[in-house]
Q: 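Dropping the structure in here first, questions after.
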Amino acid sequence: MRTESGQIFKLGDYRPTDFVVERIDLTFELDPAATKVVSRMILHRREGVAADAALVLDGDELTLDGLQLDGNDIDPAGYAVTPDSLTIRALPESGPFEITVSTTISPETNTTLMGLYRSSGVYCTQCEAEGFRRITYFYDRPDVLAVYTVTVIARKDDAKLLLSNGNFLGGGDYDEGRHFAAWFDPHPKPSYLFALVGGDLGMIEDSFTTMSGRDVALKIYVEHGKEARAAYAMDALKRSMKWDEEVYGREYDLDIFQIVAVSDFNMGAMENKGLNVFNDKYVLADPETATDADYANIEAIIAHEYFHNWTGNRITCRDWFQLCLKEGLTVYRDHTFSADQRSAPVKRIAEIRLLKAHQFPEDAGPLAHPVRPQKYREINNFYTATVYEKGSEVVRMIRTILGAEDFRKGMDLYFERHDGDASTIEDFLACFTDASGRDLTQFALWYSQAGTPLVTVSTDWNEAGKTFSVTLEQSLAPTPGQSRKALMHIPLAYGLILPDGREFEGQPHGGEAGNGVFHLTKRKQTFRFAGVPERPVLSINRGFSAPVNIAMEQSIADLAHIARHDSDGVARWQAINDHATRSLISAARLSRDDRKLPSVAELAEILIATAADESLEPAFRAQTLTLPSESDIAREIGGNIDPDAIHAAREAVMKEVAHAGLETFAALADSAPTGPYSPDAEDAGKRALAATAMAYASIAEGWPDRLKKAFDAADNMTMMAQALQLLVYQFASAEETREALESFRARFADNPLALDKWHTIQAMAPGAKSYDRVEHLLAGPDFDRTNPNRMRALVGAFSAGNPTGFNRADGAGYRLLAREVIAIDKRNPQLAARLLTALRSWQSLESGRQEHARLALVSIREAGALSADVSDIVDRMLP
Ligand code: 0A1
Ligand code: ZN
């Protein structure tokens, strides 16, 4: 494990390597404790590089067994080696030469889950971002592209199956008890895309015929006995392959595409060339154990990794500062894929919710950074909501500005111009400029300026002159390291809705606007519409065209008008959500001051009407009925947060709505589709509506027996988990709740992914007592702290998803997190650092909690011997 070196990497310091790696041949002799790795590289000195320049390769906790130049041992005086680097001097001035590096590594003791490690007896690798250097000394950076040949040798009883990137070359017996397999990947790639898997796994296979008629073998490997649970992932893979051909003209480029599911993985999945490695949570699904959300996640992540084949693998990043080049773009592509497979507005609403819940707080706190960071200490800490989700929003804005046609032209040009390159954001933007003629210089600030812009909107209606004007003013608060900000180009989609619900079609004067989009490029701009027959209602930032906060004094009547008439479904949801947010904020303020809460009858009426409106799709109704979360309310309030007051306010509002609409909710609670389960969007939407209605109905009815009945009757995990969650949240001490928890635990005792849900539901139960519950569960005999999914399901869910429990006024929640972070950091720094980010908004808490949180952070800092990952986060969070 790398400990803190304090080194800071800067975007401006980029320099190409002195040597070019043309090819690399790797041989692995797998062994749990001592895997031998031999790397033979063909290199040449880059033109113009001094003859005395040394070859400096990266390592991480490595020991060198042997080193040769063109087959001859290098004299120890000719090189210097440490666990982190290998420097070789006296190399040929011109022409190619071969360097052979031998190392021995121990997969079974590699608990970092980076490099080569073992997960439930399976050898697997994770090399992004800097894991390859834990396998062998190499130029472990994304701009070094080489052609890989890999030979894997293993005892047959230790690893039956031997996989690597690319196409299968051949294999067979090697020596007594051992066999081998060789793989060749013709596409030059950076080391972070290298993968190797060895083990005994079950498999399902299928095939795909590409647009040019090539057959591609598709294989998904899972633990034996779990094969049937990979069927949905396979289906999602085939749909992704087809979609990328149809929408982007991208064809797959090897004879085989393989996916391996492993149970110990730090992230969701990894796009290694031709051999994706997945967290098994995002492969395995069946109706009994997976929810509709799990199915949707599997579809999205399978697509995401597959789409990386072009956006990430064929065109990669020049350096890690350009991470959003592949991630933002690929998230954008997987979002549009899911929107096409499902309901586009419902998908967009879910994206907006996620962005606001995760990215907005990141951008407003001490961990804020630009979509393309300018510096980092530990790159692992930059796989963030900002790089991924805001990065995707930035691509989406490019499409909004250019229009669909020019956007596609720009993408085509990008694929044509940069195939095989390690590229930059500048390269990417230049393609859109060249394809459309549009200057994106100001727009490019979205990549370099952190923070969520605020757009203040005011309108003016002149009855006599029949003119309507919209004034937009932008501002961007300082963020760490960026005190002064330049003016951004913010594309704001809008509509003017007349009293009869029609839209006013006229174009404004005063600034650039077209296709229903205001282009805000100055600090303040007024767009004037003439000849407007009657006072219109402004619908702004339709579809969330820009990831900004909007400040606008819009009456409840105007919001209701938008909610009724907007031609854009997302805007209708936004209007109702804004109305609900406003009611919740004022209720939270009153609750904090122990004052009586006013009635929310108007909001209740809208929500109940939406619930009952059969002309709307069920999934949309479910989204609308889901009130802003406690964290959403906290974010909107901004500072001096009292999580208990927010919780009380939200409960009170839900209760009033529940009582007012009991009849509607009770009927809808029973409306989940019956018959064989289908994970498709239509049935999932109906279940979502039933599940949301069940939440209201059970509040109003006040009895847990109905929920227990729903729990017992559920024939799928979606409805079962919802019933269990409501029992735990609403009737914590009821006998029914105890019984349901016990029955769930017993039923899924041998299914860790299902038990994760059991842990998460309890970890997220509101109230101070959930802390004791979490301590109890952590101490449970079967709880495995070494597995990232288990830790995220319990500690992650508690600290990031339970505002009242985690933020207990006595600070016990923070101390629990600090203790766990310190302990896990010794094994798995990446996981520890990620769990710790749950405290990123600590400065917006009220002063008592703030002090407890600060002390918890200080205790981590003072624990000493921290990894680079955790100390980077702690240092950025503590002023
Ligand atoms: N590139 C992957 C994300 C990923 C990043 C780092 C990892 O290291 C543990 C693993 C995966 C993606 O975007 O899916
Ligand atoms: Zn990705």
Side-chain angles (χ1 to χ4, degrees), residues 1-2 60 110-117 119 124-135 140 142 165 189-195 197 233 236-237 240 244 259-283 297-317 320 322-338 371 376 378-392 395 787-789 791-792 824 827-835 867-869:
M1 179 188 95
R2 265 178 302 172
D60 183 4
N110 180 4
T111 58
T112 63
L113 312 188
M114 289 295 282
L116 178 66
Y117 65 96
S119 170
C124 64
T125 53
Q126 172 54 41
C127 292
E128 186 175 9
E130 297 178 336
F132 192 74
R133 61 185 65 184
R134 297 175 59 76
I135 295 173
D140 192 16
N165 315 90
K189 65 167 174 289
S191 52
Y192 81 85
L193 291 174
F194 165 79
V197 172
L237 173 62
S240 307
D244 214 13
I259 290 174
V260 179
V262 299
S263 48
D264 299 81
F265 202 73
N266 276 341
M267 310 276 271
M270 179 62 212
E271 70 265 23
N272 316 301
K273 182 79 188 189
L275 178 56
N276 289 185
V277 175
F278 269 63
N279 184 329
D280 60 0
K281 176 178 159 75
Y282 297 117
V283 173
N297 279 334
I298 290 171
E299 179 182 81
I301 297 178
I302 290 273
H304 179 94
E305 307 309 328
Y306 175 72
F307 296 156
H308 266 315
N309 191 55
W310 274 93
T311 49
N313 301 4
R314 291 287 290 247
I315 308 178
T316 193
C317 305
W320 289 123
Q322 322 292 330
L323 185 57
C324 62
L325 177 71
K326 73 177 178 85
E327 296 305 347
L329 177 56
T330 306
V331 170
Y332 173 73
R333 277 153 48 72
D334 84 56
H335 280 178
T336 36
F337 166 75
S338 294
V371 170
Y376 64 76
E378 176 50 66
I379 188 58
N380 288 334
N381 289 336
F382 284 85
Y383 288 81
T384 59
T386 297
V387 169
Y388 276 66
E389 317 306 329
K390 190 175 178 184
S392 161
V395 176
N787 178 287
N789 286 350
M791 282 300 272
R792 283 186 285 252
I824 198 74
R827 297 177 53 84
N828 185 339
Q830 248 183 68
L831 175 62
R834 202 158 267 268
L835 289 172
S867 66
D869 307 59

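Heads up: numbering here begins at 1 and tracks the sequence. We use all heavy atoms of the structure for the numbers below, so side chains are in, but hydrogens, waters and symmetry mates are not. Order of listing sets the numbers, starting from 1, for every ligand and every atom in it.
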Q: May I ask you to test the Asp244-Arg333 pair for a side-chain heavy-atom distance under 4.5 Å?
A: yes

Q: Enumerate the atoms of ligand 1 whose separation from the nearest heavy atom of Met267 is less than 4.0 angstrom.
A: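 Contacts of ligand 1 toward Met267, numbered from 1: 4 (C), 5 (C), 6 (C), 7 (C), 8 (O), 9 (C), 10 (C), 11 (C).
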
Q: Hey, which atoms in ligand 1 end up nearer than 4.0 Å to a heavy atom of Lys326?
A: 1 (N)

Q: Can you check side-chain contact (heavy atoms from CB on, under 4.5 Å) on Tyr383 and Gln830, steps first, answer last?
A: CA-CA 11 Å; Tyr383 288 81; Gln830 248 183 68; over 6 Å; no

Q: In sequence, state the C-alpha distance, the side-chain angles, and the governing distance for Ser240 and Ile302, and then conclude on side-chain contact (heavy atoms from CB on, under 4.5 Å).
A: CA-CA 8 Å; Ser240 307; Ile302 290 273; 4.3 Å; yes

Q: Show which atoms of ligand 1 fall inside a sub-4.0 Å distance from at least one heavy-atom site of His304.
A: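 Counting from 1, the qualifying ligand atoms are 12 (C), 13 (O), 14 (O).
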
Q: Side chains of Phe337 and His304: closer than 4.5 Å at any heavy-atom pair?
A: no

Q: For Ala269 and ligand 1, answer yes if some heavy atom of the residue is under 4.0 Å from a ligand atom, otherwise no.
A: yes

Q: Does any part of the side chain of Asp264, heavy atoms only, come nearer than 4.5 Å to the side chain of Pro788, both counted from C-beta?
A: yes

Q: Can you list the atoms of ligand 1 that are under 4.0 Å from a heavy atom of Tyr383?
A: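 Matching atoms, with element in brackets: 5 (C).
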
Q: Quick test: of every protein heavy atom, which one is nearest to atom 7 (C) of ligand 1, and how far off is it to 0.1 Å?
A: Gln126 NE2, 3.2 Å

Q: Can you name the atoms of ligand 1, numbered from 1 with element, that are less than 4.0 Å from a heavy atom of Tyr388?
A: 1 (N), 2 (C), 3 (C), 12 (C), 13 (O)

Q: Are Tyr332 and Thr311 linked by a side-chain donor-acceptor pair shorter than 3.5 Å?
A: no

Q: State the atom name: nearest N, O or S atom of Glu327 to the Zn ion (ligand 2).
A: OE1

Q: Could you please compute the angle at the Zn ion (ligand 2) from NE2 of His308 to NE2 of His304, rounded to 10°?
A: 100°

Q: Going from CD on Glu130 to CG on Asp60, what distance comes out if it is rounded to the nearest 0.5 angstrom?
A: 8.5 Å

Q: Does any N, O or S atom of Glu271, backbone or side chain, fall under 2.8 Å from the Zn ion (ligand 2)?
A: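 Looking at Glu271, which is the residue asked about, there is no N, O or S atom under 2.8 Å from the Zn ion (ligand 2).
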
Q: Under 3.5 Å, N or O to N or O, is Asn266 touching ligand 1 that way?
A: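 Checking ligand 1 against Asn266, no N or O pair falls under 3.5 Å apart.
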
Q: Do Asn279 and Asn789 get their side chains close enough for a donor-acceptor pair, meaning under 3.5 Å?
A: yes

Q: Taking the side chain as C-beta and beyond, is there a heavy-atom pair between Asn828 and Met114 under 4.5 Å?
A: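 No, side chains not in contact.
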
Q: Closest non-hydrogen protein atom to atom 6 (C) of ligand 1, residue and atom name please, with distance?
A: Glu128 O, 3.6 Å

Q: Can you list the ligand 1 atoms lying under 4.0 Å from a non-hydrogen atom of Glu271?
A: 1 (N), 2 (C), 12 (C), 14 (O)

Q: Glu305 to ligand 1: N or O pair under 3.5 Å?
A: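 It does: an N or O of Glu305 is found under 3.5 Å from an N or O of ligand 1.
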
Q: Could you tell me, atom by atom, which parts of ligand 1 come under 4.0 Å of a heavy atom of Met270?
A: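 Numbered from 1, ligand 1 contributes 1 (N), 2 (C), 11 (C).
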
Q: Report the C-alpha separation of Glu271 and Phe307 in whole Å, then their side-chain angles, then the decisive distance to 0.1 Å, and conclude whether the side-chain contact (heavy atoms from CB on, under 4.5 Å) test is met.
A: CA-CA 9 Å; Glu271 70 265 23; Phe307 296 156; over 6 Å; no

